[in-house]
Each structure stands twice: as C-alpha cells, then as structure tokens.
Amino acid sequence: MSDSPARGPEILVPAFNQVIEESGAHGGLLMLLSPNEAMLRMALVSGFPVKFTGPWKRIWLNADFAIARAARERRQIWMGPDERATDYPESAVAAPYPYAVADTPLFTGDRLWGVLNILWPGSHPAEPVPAELAAVDAGALRLSELLNRYAQEGRPVRPLPEPLAVPRQETSGHAEEDPHAGARFAERLPGGSLAMNLEGEVTFVTRGAAELLGCPVTDLLGALPWDVLPWLSDPVYEDGYRRALFTREPTSFTVLRPPDRWLSVNLFPGISGISARVWETAPPDENPRSGPPGRTAEAEARVAEATQAGDEAPTRVGSVYHLMHLSLVLGEAIGVRDIVTIVRNPVMSAFEADAIVLLTVEGDRLRLLGHRGLTDEFAEELDHHPLDGGSAAARCVRDQQALFFSTPEELDRDRPGWSATSGLAACALLPLSASGRPVGCVGVGYREPYPFGSGHRTLFTSLSGLLAQSLDRALLYDTQHQLAHRLQELLLPRELPEIPGVEVAARYRAATRGLDVGGDFYDLIPLDGHCAAAVGDVQGHNMTAAALMGEVRAAVHATAGTDPGDVLMRSNRLLTDLGVELFTSCLYVYVDFTSHRARLATAGHLPPLMVDPEGEVTILDVTPGPLLGIDPTARYTSTEIPLPPGSALLLYTDGLVERPGVDIGDSLAELADRLRAVAHESPGAIADALLDEAPRTRVGPDDVALLLVRCATTPNGRPIRSGGGPTGDPTGGQRAG
C-alpha cells in the first residue's frame, strides 16, 4: 500500500450532494470516524453554516446522541420532527427545533467509516417516506464503497481540522440578458426585501428595506443584521433565523425599532439562504408579546461597542444552547464518573477544545479525575500537586481565580516549557467552587492560539459554575454511596458455606443510579445433613431498609431448621415488634438430602423456579402468605415438593424479572425460558447468564439478588447422597413455557 498522505473530504462532495438531492433533504452532515479516538468528526456540512454545528463537530461513540448510537449499533435511526426531544434530549437542547432526521452508519463488513446524517424540514411527516430512505440507503452504500476503496489504496479520507461547508445553488428564474430583473422586481414590491446567505450575512437589500431598518444599504451588505442594528441583537431574533434554517419553514416576528416604530419581519428559508420581507406594522397587543422590548440607548451602545471590538462569544444563541445542553446533562449526572464522561464528551465538544482535564481537591492536594487530549505523562504531572505549590492549577484553586493563556508565549512565561510538554498553544483554567468552598478546577486547552475575549470568558465562567455544583454533588454522592453499599455488603454473606452434596451460586447486583440502597438479600444455612436457603426484599431503598435486611437475616438464622412456615411466622413477629413500618417479602426453603424433598414457604415473594435433571423448568406453586411486618398473628403454610439429585432451585428478587408495563406472568415465563436455555451449565454460569439479562431501564437497573441451589451428582450421573432416599419427578408446580 502507498505511503501517500490521506485524502481530504472534498473528494466525497459529489456523492454527498447526490444523496441530499435524491432524498429531497434540505441538508446534512457527514461524520467520519477518527483514526486515533473512538470519536466521530464532522467532515462535510450542507444546508447550515459551520458556526451553528458546534455540538456535532466531535461526537464520541459513547455519547447519548442518535449519531453515536447509529455508529455503535450499526443501524439506521430515524426520528420524526417531534421525536428528538423525547428520545435524545441532549441533542434536542443543542438545536431545539422540529426537523426530521435519519442517521445511517457507513461501514464495510466490520469496518466502520462514519455516519451519514440527513435532515428534512419540520413539515415532514412523522413517519419516514420509503423513497427518501431508499435514496439515503443507496447514498450511504456509495459513500461506504468510496471510503473503503480509498482506504485500500492507502489514502484514506480524513476530516479537516474544520468541517468543509458544501454550498448548494438554487435555480435562477431571471433571463441571463437581464440579470437585474429580480432586483427591480423586489424594489417594486411594497415594504422592503432582503436576502441572507446561510451564514446570516446580507447579500441583497432593497432601498425600501434599508429605509425601514434605518440603515444605509452599504452598511447592511455583507453584515449580520443583528450586528449592525443593535435593536435586533437580542438572541431571540437570531434564534428566529436559526429556526428557519433548521426547520426550513417560514418564521416571523415583530420588533421595535427605537424609539416607537414597529416592524414585522417574515423569514422564508431556501437551499442557499433566507429571504426576508419587512414592513411597518401597528404596535402588538399587550398579550401576547411578540418580541423583547427595545433596549435603552445606553444598552444599545454597549452591544455595539462589544460587537465592533469582536469581543462577543462566537455565536450568542449557540452559546446559550451549549449551556442549556450542558445544564441538562450535568443535572442528570449522579457520580464522579458521570461528570468525567460529560467533561470528556459534550463539554469538550461544546467548547471545540483540543484537550480537557478535570481536577478535584483532596485534602491539601489536587487529584486528577480525568482528561482527554493530553498525554498520560503530562496529565500525571498534574496529579497530587500540593495546593500551596506554584503550579497554575494550584493557584487557580487556591486563589479562586480563572487563568487564561492565549498564546504559547503566555504559557511559557507562567511555566517554562509548558507549551512544549503539553502540546498546547492556549489554555483556560477555571476554578470550581461550591458554597464558598473550593472543589477543584477544569482546564480547557487548544492546539492553536485562542483569543479569550470577554464574551468567551463569560461563557467559560458560566461553565465553571454549572460544573462546580455538579461535581460537588457527585463527590458527596460517591462518598455516601460507597459507605451505604459497604454497609449492605457487610450485611450479606461474605461467602457461601460449603455443603456436601450441594452446588450453589449466588449473585447480588446493587442499583447503579441514585443513592438508593436496597434491602435485597439471600442466605444459605448449613444444617445437620441438610440445608436451608432464603431470599427476600425489604421495602424501600435506604439505609433503614438495608439495616432491616440484616435483622431479617438474623431472625431466619435463629429459627432455621424448623418448619418453613414457623420460620416465617417467628420472623414476622420480630419485624412487627420492631415497629419500623417497612414490609418484607421472603421465600424460605428447607432441603432434605435424605428424602430428596424440599419444603417451602413464602411471605409475599415471587415463586421459585425448579430445573429438573433433564433441564425442564417449572414455576413452583407455593401457597402465599402475607408480607412480613404487617400482621403479627399471620400464619404461613409450607409446601413440600420432590427434589431429585441433579435438579436445582432458583430463588431471586423482583429485580431479576420485573419490567414496567409487562405482566408479571409474562416476565416469569421469559425467565423460565432463559433458565431453560442454560440449565445444563454450572450454577455459576447460570447465575451470570441470568444476571446479565436482568431488565435494565433508562434510569438504571433495580437491585437483584439470586441464589441457585443444585443437588449435585457424581461425574457418572449418580447422586451424591448425604443419606439415602429415592429420586422422584417434580410435582406441585406450574409448568413453565
């Protein structure tokens, strides 16, 4: 293969344009997989200015974006105009407008190349149009074949540092011999007309529009309207322009031109830009208000001064949406690991950074939590720096002052050789504090010099405020979570006892989100020539539930060996005497190796499953009793079943089967099917397989406890006998499946 340099994405422009044209879309993105990171980088963009695509310039494969999911799962994802807000809220906040979108992975065999993102207007039907998707599929196949061919030739296609904007041209309706016919036509219309390109720059304006706007034609041409007209600089008007671009639907608003002239503005989007009609209108009614009030002369002067100085953040509305997006994802973060993931993914993308690092205060030192874009060696130099040291990060935290280094020279003045060892040309260090207490700092770095103007600094400061509160909450959560689950682990058996003639396996999975600590428990109790097994679930998810779980285990242990009904009856009295007002379900089983039978009793718990020596699964029918802790006079009935050598009992808690909206009978039947599929495996393999397939929801899995007890056999199939006794067929159960 050739050692020639990689190709640029411009070679894909014809194929990219073709799929957009044939699918009837109004724009799209071509994302290519980074060769060095699990990340998709934007290579081509059509129908939108590059400055509006910040959140999508870099998308990590583990991000909660449809584009990333399409790449991970190698399948096309369609979303109608109103689906993004519910299915992918993080993406929707970045562009809160209705439009239809299809994300299609580009791959050859097992090789992923990227994702094709195609957009249709907000007026598109909720369901996909087959012909449109067929065109997208054909285009994705062509692009995949091109990417594969170029890679095989030794010159793979790589994205440029900045996405390449692909222009689209609209067909002209004027005669070639009179190119000014359109302008004269617009001048004859009442009111005023102007045209803007996709960037928002004015490319055409009539004299009537200039008069209504109170600005010379020469000042408007080539400018952004909200830059030259301070009274249009409120972000709501720029948002109207962005809405028209994303939805490709007409947008209108009413605006006050100071001091007292009201204008109505209608925006009509097209392939290459937006046409606007402006005319004078009557003042809007007090209800509803059509737009923000006009600014005072002093406020207008400040905006104009900042704009002329180039001191605003790159896109004001985009910055607002970045912060809204980050506020949303940080609000959903639970532990420190979540915060690190957010910092390394959406935060880094939102600020188009080349490197990022997160440090927290631990005692009198800084501890590295995570980083991206830095070498491990340089990142480790930042770890465990003393707060009273002279490093920039230590000063940032100690003095609670943001530090901005815009050039390599500024970096090296602060610390000689810093730019070379870090590979950065600019860096911002932002202190993180909560309730007046330092929490840590975040560093955002760039490979090229970066002008940190006042607009940028305001944006970074807003980020540090959001991040500080979330990190402080996450650190507290992690500490409490570790303590709570340590308590829970201490209350569960550290290891299962070895009992001759029995093979056992137990698994426990704590809920992974929230500080909830469950009361799920299991236990295996050796008795003289026999054994007892129990599983239960204390109501609630808190420290009280975990502590009560220990009480229930102790009560079961104290009475183990007696009739299962008596065990539950005595445990029930203990719980009602404690008066904790928490209820507990419990299933208790006594296994008699001599007779090869088992006796069971349940206090409102899910039924156990039995696997016979041939691998058939039965959902056992056990006479139910009330939950423990409700009625001190409750009685519990024991049920006896044969348990021949080679058969097994599965005891479990509801987290293994229950799913919202699914009938419990259907869930039990599914569990029986899963158990039947692995019935001939070892107990440990069975337990692992069942736990791996336990239901999970978007908010995380529930607690799960399971205990598998199998009456063992010798390698030649003969039973291991603690005593004697015949074998028999299972009875007394509901046949599963």
Test item: [X] and [Y] side chains (from C-beta on) under 4.5 Å apart, heavy atoms:
{"X": "Leu116", "Y": "Ser144", "answer": "no"}
{"X": "Val115", "Y": "Ile59", "answer": "no"}
{"X": "Ile274", "Y": "Thr251", "answer": "no"}
{"X": "His124", "Y": "Val129", "answer": "yes"}
{"X": "Leu471", "Y": "Val442", "answer": "no"}
{"X": "Arg58", "Y": "Asp354", "answer": "yes"}
{"X": "Val202", "Y": "Pro225", "answer": "yes"}

Mutual orientation of the aromatic rings belonging to Tyr446 and Tyr450 [parallel < 30°, tilted 30-60°, perpendicular > 60°] = parallel
inquiry  = Which label fits Trp56 and Phe246: parallel for a plane angle under 30°, tilted from 30 to 60°, or perpendicular past 60°?
reply    = tilted
Could you tell me whether a side-chain N or O of [X] sits under 3.5 Å from a main-chain N or O of [Y], the two making a donor and an acceptor?
{"X": "Trp113", "Y": "Val157", "result": "no"}
{"X": "Trp120", "Y": "Gly80", "result": "no"}
{"X": "Asp103", "Y": "Ala70", "result": "no"}
{"X": "Arg72", "Y": "Leu61", "result": "yes"}
{"X": "Arg261", "Y": "Pro258", "result": "no"}
{"X": "Gln76", "Y": "Ala102", "result": "no"}

inquiry  = With ring pair (Phe, Tyr, Trp, His ring centres under 6.0 Å) as the rule and sequence neighbours excluded, what pairs involving residues 10-29 come up?
reply    = His26-Phe48
Find the distance between [atom1] ([X]) and [atom2] ([Y]) and round it off to the nearest 0.5 Å.
{"X": "Glu145", "Y": "Leu147", "atom1": "CD", "atom2": "CG", "value": "10.5 Å"}
{"X": "Ile67", "Y": "Asn117", "atom1": "CD1", "atom2": "CG", "value": "4.5 Å"}
{"X": "Met31", "Y": "Thr104", "atom1": "CE", "atom2": "OG1", "value": "13.5 Å"}
{"X": "Leu32", "Y": "Met39", "atom1": "CG", "atom2": "CE", "value": "11.0 Å"}
{"X": "Asp219", "Y": "Leu229", "atom1": "CG", "atom2": "CG", "value": "9.5 Å"}
{"X": "Leu146", "Y": "Leu141", "atom1": "CG", "atom2": "CG", "value": "9.5 Å"}

query = Does a salt bridge link Glu162 with Lys57, judged by any charged N lying under 4.0 Å from a carboxylate O?
reply = yes
ask   = Is any NZ, NE, NH1 or NH2 atom of the basic residue among Glu153 and Arg155 found under 4.0 Å from an Asp or Glu carboxylate oxygen of the other?
value = no
task = Just do the side-chain contact (heavy atoms from CB on, under 4.5 Å) check on Ile339 and Arg473 with the steps written out, would you?
result = CA-CA 10 Å; Ile339 301 295; Arg473 184 178 65 247; 5.6 Å; no
Looking only at heavy atoms, what is the nearest atom pair of [X] and [Y], with distance?
{"X": "Trp231", "Y": "Leu256", "answer": "CE3-O, 3.7 Å"}
{"X": "Leu30", "Y": "Leu106", "answer": "CD1-CD1, 3.5 Å"}
{"X": "Arg248", "Y": "Gly270", "answer": "NE-O, 3.3 Å"}
{"X": "Thr247", "Y": "Pro98", "answer": "CG2-O, 3.1 Å"}
{"X": "Ala244", "Y": "Leu267", "answer": "CB-CB, 4.4 Å"}
{"X": "Gly192", "Y": "Leu212", "answer": "N-CD1, 3.8 Å"}

Reference residue Val255; test side-chain contact (heavy atoms from CB on, under 4.5 Å); the match among Leu213, Val265, Thr281 = Val265
Does a sphere of radius 6.0 Å around [atom1] in [X] hold more than 12 heavy atoms from other residues, nucleotides or ligands, not counting ones at 6.0 Å or beyond?
{"X": "Glu280", "atom1": "CD", "result": "yes"}
{"X": "Glu10", "atom1": "CD", "result": "yes"}
{"X": "Glu127", "atom1": "CD", "result": "no"}
{"X": "Arg74", "atom1": "CZ", "result": "yes"}
{"X": "Arg207", "atom1": "CZ", "result": "no"}

task = May I have all residue pairs that pass side chain to side chain donor-acceptor pair (under 3.5 Å) and include part of residues 190-206, sequence neighbours excluded?
result = Ser193-Arg277, Asn197-Glu201
